[in-house]
Amino acid sequence: MFKALLFPGIILLLAAFAAVFLSSYDLNLLARFLSFGLLAMGVVVIWGHCGILSLGQGVFFGLGGYVMAMHMKLASLPDGQIPDFMMWSGRETLPWWWAPFESGAVAILALVALPAIVAALFAFAVFYRRVGGVYFALITQALALAFATLLISRQDSTGGFNGLTNFSTLLGLNLNGPGMAEGLYWVTLVVVALAWLGLGALLKSRFGILLRATRDGENRVRFLGYNPVPLKVAAYAIAAALAGLSGALFTIHAGNISPAMVGVVPSIEMVIWVAVGGRFSLSGALAGALIINFARDRISSAVPELWLYLVGALFILVVTLLPRGLAGLVPQQKASS
Amino acid sequence: MDSALFLNQVFNGFSVASLYLLAALGLSLSFGLMRVINMAHGEMLMLGGYLAFLTLSIIPGFVGLLLAIVVAFIGAALVGSVIQSALIRRLTSRPLDTLLATWGVSLILQQAARDIFGPIGVEVQAPAWLNASIQIRDGALAGLTIPSARLFILLVMALVLGGLALLLTKTRIGLMVRASNQDRMMAAATGIDVKRVDLAVFCLGSGIAGLAGVVLALLGPVTPSVGQSYIVPAFLVVVMGGLGSILGTTLSALILGLIAALSQIFVDVSIAQVLLLVFVIFFIQVRPQGVIAPTSRALDF
């Protein structure tokens with residue numbers, strides 16, 4: 001019991017130190033990357049434990065992010081006004097699908113529920129006809145492309161290429177107020193910790209065992225009398241809900257959300273966080289999201305051209321030499337996956 | 001509806017379909033054999049485009065164009081052979097990992113192109129006759145404008161498809177490819193070196209993509225990301241086509257090309273892209289096995 005809590009304990013202590021000692025810029029980055037960690041843990045559930053490779057997680061990240069952004073945008077405005085970019089593109093009324101998100105409760109519900117529902121419908125349509133594997137990956141990539149182009153082309157209602165930015169309030173609190181950044185950091189940390197605990201329990205449960213069984217032999221699971229389709233759909237929806245939450249928190253910390261975060265390239269980069277950290281391990285994925293993104297921040301500000309070569313090489317090396325990721329280097333107490 | 005607009009879009013659909021097909025043929029052939037998708041396939045288009053640019057800037061005119069086709073085919077096939085033998089062969093029976101590793105290759109190739117040729121596209125000096133267009137004024141097809149470059153694409157596509165069909169049905173290597181495609185283990189048991197068949201098919205597919213790159217270069221500037229804009233529809237063509245079937249791939253390229261072009265009469269490009277995806281998802285509800293599917297009693301394959 002002590003051993004099991006040692007690792008999370010150290011992390012929590014480090015996180016507390018971070019809040020005190022890091023510069024406000026780095027603390028903000030850490031909070032953003034912790035939000036990414038939520039999405040990464042979702043990828044562990046579907047990719048590591050269920051064998052579903054999704055190259056479209058950016059879509060669900062974006063749904064959560066845009067829902068949050070629409071709410072914050074509307075909350076920052078006096079009643080009856082529409083966001084400035086809409087007026088610049090010649091719009092006079094708010095698009096109907098913006099209106100519900102004026103309410104904070106609806107927005108918070110939607111930023112988890114909307115990605116989960118979209119993901120469940122999409123996954124059901126594909127998995128129901130027993131299309132999977134590489135085909136599924138390719139279709140999700142097309143989904144990411146379609147979503148990003150749609151956002152860019154609807155300049156008047158989505159902010160187009162620039163996305164949504166300039167938020168000032170969140171649930172009645174001033175975003176730039178004193179202590180707000182630290183507070184949001186702690187909220188993110190708590191959400192991540194809860195997700196880590198919850199997913200850990202989920203993967204240990206009967207559901208988790210069935211997911212791994214489906215990954216290793218889908219037809220055998222059918223022969224045993226289980227239907228793998230609802231399992232896969234549920235796993236995919238859970239991952240999407242986490243991605244939505246991740247996108248919403250990211251949007252709060254970064255102060256903007258744009259198509260550059262949701263398209264084909266960012267979606268596939270989300271997979272590399274998990275590949276590097278370890279696709280079977282929740283902690284590994286979390287670490288991977290933090291390491292890759294901090295490395296990206298440091299390297300691309302120093303030598304911008306180098307970053308893409310490095311990411312490319314990482315993809316090749318990790319997949320060929322280190323399929324269990326960094327987590328595979330840590331000796332396992334008990335083979336759980 | 002304006003019939004001239006409709007006719008023009010139908011013709012455009014055929015030329016878009018030709019590009020999808022040229023990009024998808026290699027993917028589909030290798031997928032049928034090895035069950036892997038090369039995400040760097042789009043960069044073979046890009047490579048073909050840049051090779052055409054280099055060739056035509058040294059030797060302009062028709063001779064240059066013919067030479068560019070040869071150079072692009074060989075160049076892309078060589079790079080393909082390196083990817084296949086250095087990477088994909090090592091990842092056998094791990095299709096999802098192959099996807100990610102080849103995506104890494106794709107990133108590196110794109111960045112390399114950006115460093116060598118610059119982020120802005122390069123324009124290829126096409127022979128003058130390719131910039132002309134044929135206008136049909138009367139008869140049933142009145143109002144149709146056919147740019148020569150697009151006619152050229154159709155010609156290239158027909159030649160490639162014809163050549164490929166002959167290769168697969170009339171030659172010994174074609175026989176080996178079809179045998180490995182049908183039953184890999186059995187083909188290996190009869191003495192066919194399936195690894196060499198893999199390599200040959202992969203090179204051929206990459207070469208065809210290189211060829212498609214030359215054609216793309218005639219239509220517009222070659223940029224480091226030129227492959228990316230065609231590769232996602234090409235992936236959808238493979239998903240819809242059916243396992244490794246040339247006929248299936250051709251039909252699905254045709255369907256998707258026509259949908260892409262015709263939907264643009266009514267909606268803008270971005271909605272057209274969404275419609276394409278929605279169509280494919282609906283299509284697999286009806287025929288999850290693809291347009292043309294090989295009959296097999298295997299459950300796991």
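Here is how names work: the chains are called A, B, and so on, in the same order as the sequence lines, proteins then strands, and each is numbered from 1.
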Inset, instruction - May I ask you to name which of A:V131, A:L317, A:I152, A:V134 has the most heavy-atom pairs under 4.5 Å with chain B? - result: A:V134

Legend entry - Top contributor to chain A contacts, counting heavy-atom pairs under 4.5 Å, from B:L277, B:V238, B:V269, B:L109: B:L277

Legend entry - Per-residue contact mode, B:V232 against chain A (heavy atom under 4.5 angstrom): side chain

Inset, instruction - Hey, could you give me the CG/CG distance between A:L203 and A:L211, rounded to the nearest 0.5 Å? - result: 7.0 Å

Inset, instruction - Below 4.5 Å from any heavy atom of chain A, which atoms of B:A112 appear? Answer side chain, backbone, both or neither. - result: both

Legend entry - Proximity breakdown for A:V271 and chain B, heavy-atom pairs closer than 4.5 Å: side chain

Legend entry - Distance (rounded to the nearest 0.5 Å) between B:L276 CG and B:L236 CG: 6.0 Å

Inset, instruction - Could you have a look at B:L87, B:V36, B:D115, B:V280 and say which one has the most heavy-atom pairs with chain A under 4.5 angstrom? - result: B:D115

Legend entry - B:D97/B:R90 ion pair, N-O < 4.0 Å: no

Legend entry - Contacting moiety of A:W47, where chain B heavy atoms sit under 4.5 Å: side chain

Inset, instruction - Identify the two heavy atoms, one from B:T249 and one from B:S245, that lie closest to each other, and give their separation to 0.1 Å. - result: OG1-O, 2.6 Å

Inset, instruction - Decide whether B:Q273 and A:T149 meet the rule of one side-chain donor and one side-chain acceptor closer than 3.5 Å. - result: yes

Inset, instruction - Nearest 0.5 Å please: distance from the CG atom of A:L63 over to the CD1 atom of A:I257. - result: 10.0 Å

Inset, instruction - Below 4.5 Å from any heavy atom of chain B, which atoms of A:Y128 appear? Answer side chain, backbone, both or neither. - result: side chain

